[in-house]
Protein chains: 2
Amino acid sequence: MEQPGEIKKVSMAVIKRLPKYYKYLGELMRKNVERVSSQELSKILGFTASQIRQDLNNFGEFGQQGYGYNVSQLYTEIAKILGITTNHKMVVIGAGNLGQALANYTGFSIHGFDIIGIFDKNPNLVGRKINDIPIYPVEDMEYFINKNNVDIAVLTVPRDETESIVNRLTNTAIRGIWNFTPVEINIEDRDIVVENVHLIDSLLTLSYRINESWLQERLLKQKRKDKPFGHGKNTTYMVK
Amino acid sequence: MEQPGEIKKVSMAVIKRLPKYYKYLGELMRKNVERVSSQELSKILGFTASQIRQDLNNFGEFGQQGYGYNVSQLYTEIAKILGITTNHKMVVIGAGNLGQALANYTGFSIHGFDIIGIFDKNPNLVGRKINDIPIYPVEDMEYFINKNNVDIAVLTVPRDETESIVNRLTNTAIRGIWNFTPVEINIEDRDIVVENVHLIDSLLTLSYRINESWLQERLLKQKRKDKPFGHGKNTTYMVK
DNA sequence: TAGATTGTTAATCGATTAACAATC
DNA sequence: TAGATTGTTAATCGATTAACAATC
């Protein structure tokens with residue numbers, strides 16, 4: 001039973017769908033579509049209309065019976081929910097290939113995420129600029145973050161340097177870490193949120209699914225062998 | 001009721017945990033640990049021991065009562081399940097910042113993923129090499145993929161070029177697309193698996209969670225206003 | 001043998017889908 | 001008003017956790 005004042009935690013499944021709503025409503029806006037029903041959203045997004053209404057009702061009552069949702073109003077509400085009505089300042093830690101690629105990417109600023117500094121330990125890189133963003137010595141990281149109210153640290157350092165950088169970040173006013181390192185980051189009970197990208201996991205998942213049909217053939221054969229006709233607790237017609 | 005010969009579909013939740021098992025078992029191997037129980041795995045991985053046993057039993061019976069799991073044997077089994085006992089050939093499509101960063105990354109080949117070619121439409125890039133991998137004209141893409149038995153296409157082209165490239169890929173023998181573009185790829189009933197990275201979604205999710213405590217304050221106030229003392233169907237003690 | 005730990009069934013929990021009264 | 005569509009409760013489905021017999 002929920003207590004007065006207690007807040008229903010929004011599930012990660014819902015949170016992960018929010019960017020999809022946001023993205024598609026943005027498209028509708030650009031097409032000057034004024035209103036949309038959960039039914040219509042359902043067709044494009046592939047979620048059920050019921051789920052869409054449930055999802056949105058976690059955050060408020062944005063629709064109107066018999067009408068549906070006003071596109072631009074809903075778009076704005078979801079932007080608020082995602083926290084992107086104000087700009088976010090980011091720094092990239094690690095000016096390697098990936099760090100440079102992210103610094104060069106222009107797609108973040110459209111949504112109000114501005115990279116204002118890059119940090120690296122390599123003195124040959126310090127002083128240079130990537131996409132007009134200066135590279136600073138990593139020693140200055142904490143000072144820079146606190147002074148400039150940086151919200152998000154984009155972590156693209158090598159595996160071995162991750163732990164020490166994360167420890168240093170916990171002593172700053174940073175709010176979130178966008179982690180591109182393969183390291184599992186654990187920050188105990190502090191106000192810093194970590195979002196892992198884990199590219200290798202993503203690639204392995206792809207590999208699994210490419211491999212899946214072959215795998216299931218193999219599993220099937222194995223089980224047939226384990227539980228042949230009439231033996232075992234399952235009958236022939238129950239090969240699981 | 002399952003039919004004979006029918007295969008239980010492994011849920012995405014399980015699949016997404018497989019790389020974690022694989023990664024941690026690799027660590028244990030390097031530490032020369034010989035055996036491990038689901039209990040011990042549970043402590044490190046943060047999944048319950050019960051869940052770990054359930055997950056593994058989707059694919060076979062790899063443990064032994066009273067003993068646990070043999071680390072290197074389980075590692076090998078999971079490698080088989082993930083389909084990484086044989087090498088995978090990859091091509092990068094789009095030699096922009098991200099494409100170049102991925103081509104330069106050395107972490108993929110450790111797991112048997114080899115990038116053997118890069119494709120771009122820019123004639124100034126064609127003929128150059130990134131990390132010893134040649135850049136070819138994108139016209140040659142289909143021929144190259146089929147001739148060299150390429151398994152995976154890493155897609156890092158601009159948004160507008162995605163659709164046409166994907167259409168062309170469906171006419172090749174490619175098995176999987178690792179999609180770094182912001183476009184939602186839909187390939188109807190063909191043998192090609194798509195794994196989306198969608199960095200913007202990941203960043204927006206981070207933003208949501210940074211914003212969450214503020215958001216919940218706001219939601220709470222709103223609900224208090226909507227359903228004041230003694231009014232509405234909920235009592236004061238039922239503020240949801 | 002006794003202790004440990006699996007594989008697996010059953011119970012629980014949470015998320016999705018269905019249904020429908022409320023109402024624009 | 002009649003038709004449409006929401007917000008929300010109830011039903012269903014699926015995933016996680018608990019429990020325990022089997023057995024190393």
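The sequence lines fix the lettering, A, B, ..., with proteins before strands; numbering per chain opens at 1.
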field: C/dA19 pairs with, by Watson-Crick or G-U criteria that keep both distances under 3.5 Å
entry: D/dT8
message: Which nucleotide, if any, forms a Watson-Crick or G-U wobble pair with C/dC24, using both distances under 3.5 Å?
response: D/dG3
task: Starting from the 5' end of DNA chain C, give me the residue, A/Arg17 or B/Leu56, whose nearest nucleotide shows up first.
output: B/Leu56
- prompt: With nearest nucleotides of DNA chain C determined for A/Gln65 and A/Arg53 from heavy-atom distances, which residue corresponds to the more 5′ nucleotide?
  reply: A/Arg53
Expressed in angstrom and rounded to an integer, what is the separation of [X] atom [atom1] from [N] atom [atom2]?
| X | N | atom1 | atom2 | result |
| --- | --- | --- | --- | --- |
| A/Asn58 | D/dT8 | CG | P | 11 Å |
| A/Gln51 | D/dC13 | CD | C1' | 13 Å |
| A/Phe62 | D/dG7 | CZ | P | 9 Å |
| A/Ile52 | D/dT5 | CD1 | C1' | 13 Å |
| A/Glu61 | D/dT5 | CD | P | 18 Å |
| B/Arg35 | C/dT6 | CZ | C1' | 12 Å |
| B/Gln64 | D/dA22 | CD | C1' | 13 Å |
| A/Leu74 | D/dT6 | CG | C1' | 13 Å |

task: Measure from the side-chain heavy atoms of A/Asn57 and tell me the nearest of D/dG7, C/dT6, D/dT16.
output: D/dG7
- prompt: Between C/dG7, D/dT8, C/dT5, which one does the side chain of B/Ser37 approach most closely?
  reply: C/dT5
Please confirm whether the shortest side-chain N or O distance from [X] to OP1 or OP2 of [N] is below 4.0 Å.
| X | N | result |
| --- | --- | --- |
| B/Ser38 | C/dT6 | yes |
| A/Tyr69 | C/dC24 | no |
| B/Thr48 | D/dT17 | yes |

message: Quick check: do B/Phe180 and A/Leu199 have side-chain heavy atoms less than 4.5 Å from each other?
response: yes
field: Step-by-step ring pair (Phe, Tyr, Trp, His ring centres under 6.0 Å) determination, B/Phe108 to B/Trp178
entry: CA-CA 13 Å; B/Phe108 303 137; B/Trp178 201 18; 5.5 Å; yes
message: Taking A/Lys16 first and then B/Asp201, would you say they form a salt bridge - that is, a charged N and a carboxylate O separated by under 4.0 Å?
response: no
- prompt: Below 3.5 Å, does any donor atom in the side chain of B/Gln54 face an acceptor in the base of C/dT9, or the other way round?
  reply: yes
- prompt: Starting at the 5' end of DNA chain D, which residue's closest nucleotide do you reach first, A/Tyr67 or A/Ser50?
  reply: A/Tyr67
message: As a quick check of understanding, evaluate ring pair (Phe, Tyr, Trp, His ring centres under 6.0 Å) for B/Tyr21 and B/Phe47, giving each step before the final call.
response: CA-CA 10 Å; B/Tyr21 294 126; B/Phe47 315 144; 5.7 Å; yes
- prompt: With distance as the sole test, does A/Ser207 use its side chain to make a donor-acceptor pair with the main-chain N or O of B/Leu82 at under 3.5 Å?
  reply: yes
